[in-house]
Peer 1: 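A single structure is presented below for examination.
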Amino acid sequence: MKRSTQLVDAATDASCIGIWRVVPANEDCWYSDSWFKALGYQPDELPHDMEMFTNLLHPDDVEPVFANLEKTVNSDSDSFHADFRLRRKDGSYAWFGSAGMKITDEDVEDGVAIVGAQIDISERVEAKDRVEAAAVLARSTSARLKRLTENVAGAIFEFKIDAKGDVSFPYFTSGLPKLLGISSAILEQDANLAFLNVHVEDRLRVQEDIQESARTLDVFKIVYRLVHPKRGLLWLRASSTPIALPEGGVVWHGSLFDVTKEMHREKELEEMVWLPPSPVGIAMCQRCGRTRPR
């Protein structure tokens with residue numbers, strides 16, 4: 001028996017597992033040496049009682065831990081499980097996972113005791129906290145990015161041609177379907193329909209420029225006309241940067257903007273500066289600086 005006890009003590013010390021026992025009827029407690037060592041204490045520094053354990057518990061964990069303990073004592077369930085924080089000797093808190101079992105013991109009051117073990121799970125909890133914090137940050141960043149991109153005057157998109165030649169839009173903002181005059185569902189179902197409303201005189205040029213960009217990996221830039229089902233004739237400017245994919249194919253990251261008004265203004269400016277041929281000459285009056293026909 002002594003040899004078995006020594007083996008258990010050696011095993012628990014090596015694995016940092018703390019063993020404990022509590023008698024619910026009188027709160028008589030016992031803790032193994034490794035239980036104290038996990039907190040930075042020597043086995044004889046603290047008393048073996050419930051008050052000591054309660055004082056070491058993080059204030060936020062006292063109620064749930066004792067609620068679980070009471071549930072184990074008063075219910076048909078024989079098992080106890082709890083994760084909680086205990087204060088180390090240096091004042092910091094460590095997370096522990098504890099599991100116990102209700103047993104019958106004729107040598108204790110009311111004949112019932114709960115024995116269990118606990119292990120430091122601080123690294124696991126901290127890793128989980130880091131993952132959750134990263135997830136929250138990612139969701140927040142994604143939400144901000146979505147708000148920014150959705151408020152862009154035009155559209156942002158990712159256009160892909162895979163190794164088989166199939167096309168798709170892995171990502172696009174809500175502005176793209178609006179500019180192209182088709183629904184998001186249609187665009188997701190068949191990316192080829194993005195070119196459905198391209199002006200017939202510009203369609204071949206758009207396709208050839210895409211193929212050339214895929215071949216050379218040069219930036220794709222084009223201004224073309226689109227016959228919008230609701231807004232009529234539009235001028236659109238597309239610009240995107242191609243990246244060759246390791247598995248074959250090319251993906252473009254780019255933008256699309258409505259430049260109809262700009263094109264109309266440019267045309268008006270061209271008409272303003274253009275002077276038609278006229279038989280009437282123009283001379284400058286040296287005295288007054290005014291022009292006059294001659």
Side-chain angles (χ1 to χ4, degrees), residues 134-135 137-274:
L137 179 61
R139 287 193 294 268
S140 175
T141 302
S142 177
R144 289 199 298 270
L145 180 60
K146 184 177 181 181
R147 287 195 296 270
L148 287 171
T149 55
E150 292 298 341
N151 284 284
V152 170
I156 296 174
F157 63 85
E158 184 178 271
F159 177 67
K160 178 182 177 182
I161 301 180
D162 64 20
K164 296 180 181 179
D166 295 331
V167 300
S168 63
F169 283 94
Y171 172 80
F172 58 86
T173 58
S174 60
L176 187 62
K178 295 176 183 178
L179 285 176
L180 298 178
I182 59 177
S183 68
S184 298
I186 291 176
L187 194 59
E188 290 173 352
Q189 183 178 358
D190 187 356
N192 287 295
L193 295 178
F195 310 100
L196 177 66
N197 296 325
V198 174
H199 193 286
V200 64
E201 295 179 3
D202 294 343
R203 192 170 298 163
L204 180 61
R205 180 168 60 90
V206 170
Q207 293 173 349
E208 288 177 343
D209 283 6
I210 292 175
Q211 292 171 2
E212 180 68 11
S213 178
R215 186 182 66 83
T216 64
L217 295 181
D218 289 335
V219 174
F220 172 76
K221 288 184 178 181
I222 192 171
V223 176
Y224 67 94
R225 290 167 293 177
L226 180 136
V227 183
H228 197 281
K230 294 182 179 180
R231 300 171 58 192
L233 183 66
L234 299 179
W235 285 89
L236 302 180
R237 177 183 289 121
S239 178
S240 58
T241 302
I243 299 176
L245 299 173
E247 67 275 15
V250 179
V251 62
W252 286 263
H253 300 94
S255 59
L256 185 70
F257 290 94
D258 182 352
V259 293
T260 305
K261 292 182 179 180
E262 293 178 26
M263 297 300 292
H264 287 168
R265 283 197 296 268
E266 288 181 10
K267 186 176 180 181
E268 291 173 357
L269 287 173
E270 289 176 358
E271 292 176 349
M272 288 175 62
V273 299
W274 182 76

Peer 1: With side chains defined as the heavy atoms from C-beta onward, is the minimum distance between L226 and L180 less than 4.5 Å?
Peer 2: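 A side-chain contact exists here, since the closest heavy-atom pair is under 4.5 Å.
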
Peer 1: Under the side chain to side chain contact (heavy atoms under 4.5 Å, CB included) rule, collect the residues that match up with T241, sequence neighbours excluded.
Peer 2: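 By the side chain to side chain contact (heavy atoms under 4.5 Å, CB included) rule, T241 matches V219.
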
Peer 1: Please report the interatomic distance CG(L256) to CD1(I222), rounded to the nearest 0.5 Å.
Peer 2: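 With rounding to 0.5 Å, CG (L256) is 11.0 Å from CD1 (I222).
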
Peer 1: Quick check against the 3.5 Å criterion: does H228 have a side-chain atom that pairs as donor or acceptor with the backbone of K178?
Peer 2: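 Yes; at least one donor-acceptor contact below 3.5 Å.
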
Peer 1: Using only atom types and a distance under 3.5 Å, with no angle test, would you say the side chain of R203 pairs donor to acceptor with the backbone of L196?
Peer 2: yes

Peer 1: Walk me through it: do I161 and I210 pass the test side chain to side chain contact (heavy atoms under 4.5 Å, CB included)?
Peer 2: CA-CA 10 Å; I161 301 180; I210 292 175; 4.1 Å; yes

Peer 1: Out of the candidates L245, V250, V167, only one should pair with K160 under the side-chain contact (heavy atoms from CB on, under 4.5 Å) rule; please name it.
Peer 2: L245

Peer 1: If we only count heavy atoms from C-beta on, is the D258 to L236 side-chain gap below 4.5 Å?
Peer 2: yes

Peer 1: Closest approach of S168 and A191, non-hydrogen atoms and distance?
Peer 2: CA-CB, 3.5 Å

Peer 1: Looking only at heavy atoms, what is the nearest atom pair of R231 and L179, with distance?
Peer 2: NH1-CD2, 4.2 Å

Peer 1: So which heavy atom on L176 is nearest to which on A155, and how close?
Peer 2: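 It is N-CB, 3.3 Å.
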
Peer 1: If I take atom NE2 from residue H264 and atom CH2 from residue W235, how far apart are they, to the nearest 0.5 angstrom?
Peer 2: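 Between H264 NE2 and W235 CH2, I get 8.5 Å after rounding to 0.5 Å.
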
Peer 1: Nearest heavy-atom pair of V251 and E158: which atoms, and what distance?
Peer 2: CG2-CG, 3.4 Å

Peer 1: Check the orientation of F159 and F169. Use parallel for under 30°, tilted for 30 to 60°, and perpendicular for over 60°.
Peer 2: tilted

Peer 1: Do Q207 and V198 come close enough that some side-chain heavy atom pair is under 4.5 Å?
Peer 2: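 No, every pair of side-chain atoms sits at 4.5 Å or beyond.
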
Peer 1: Kindly give the heavy-atom pair with the smallest separation between A163 and E247, and that separation in Å.
Peer 2: CB-O, 3.8 Å

Peer 1: For Y171 and T173, run side chain to side chain contact (heavy atoms under 4.5 Å, CB included): C-alpha distance rounded to whole Å, both residues' side-chain angles, the deciding distance at 0.1 Å, then the answer.
Peer 2: CA-CA 7 Å; Y171 172 80; T173 58; 3.5 Å; yes

Peer 1: Who pairs with S240 by side chain to side chain contact (heavy atoms under 4.5 Å, CB included), at least two apart in sequence or on another chain?
Peer 2: F157, F220, W252

Peer 1: Should E212 and R215 be marked as a salt bridge (Lys or Arg N to Asp or Glu O under 4.0 Å) after you check the CA-CA gap, both sets of side-chain angles, and the distance that decides it?
Peer 2: CA-CA 5 Å; E212 180 68 11; R215 186 182 66 83; 2.7 Å; yes

Peer 1: Would the distance check show the side chain of T260 and the main-chain N or O of L234 forming a donor-acceptor pair, the cut-off being under 3.5 Å?
Peer 2: no

Peer 1: So, taking the atom named CZ in R237 and the one named CE in M263, what distance separates them when rounded to the nearest 0.5 Å?
Peer 2: 8.0 Å

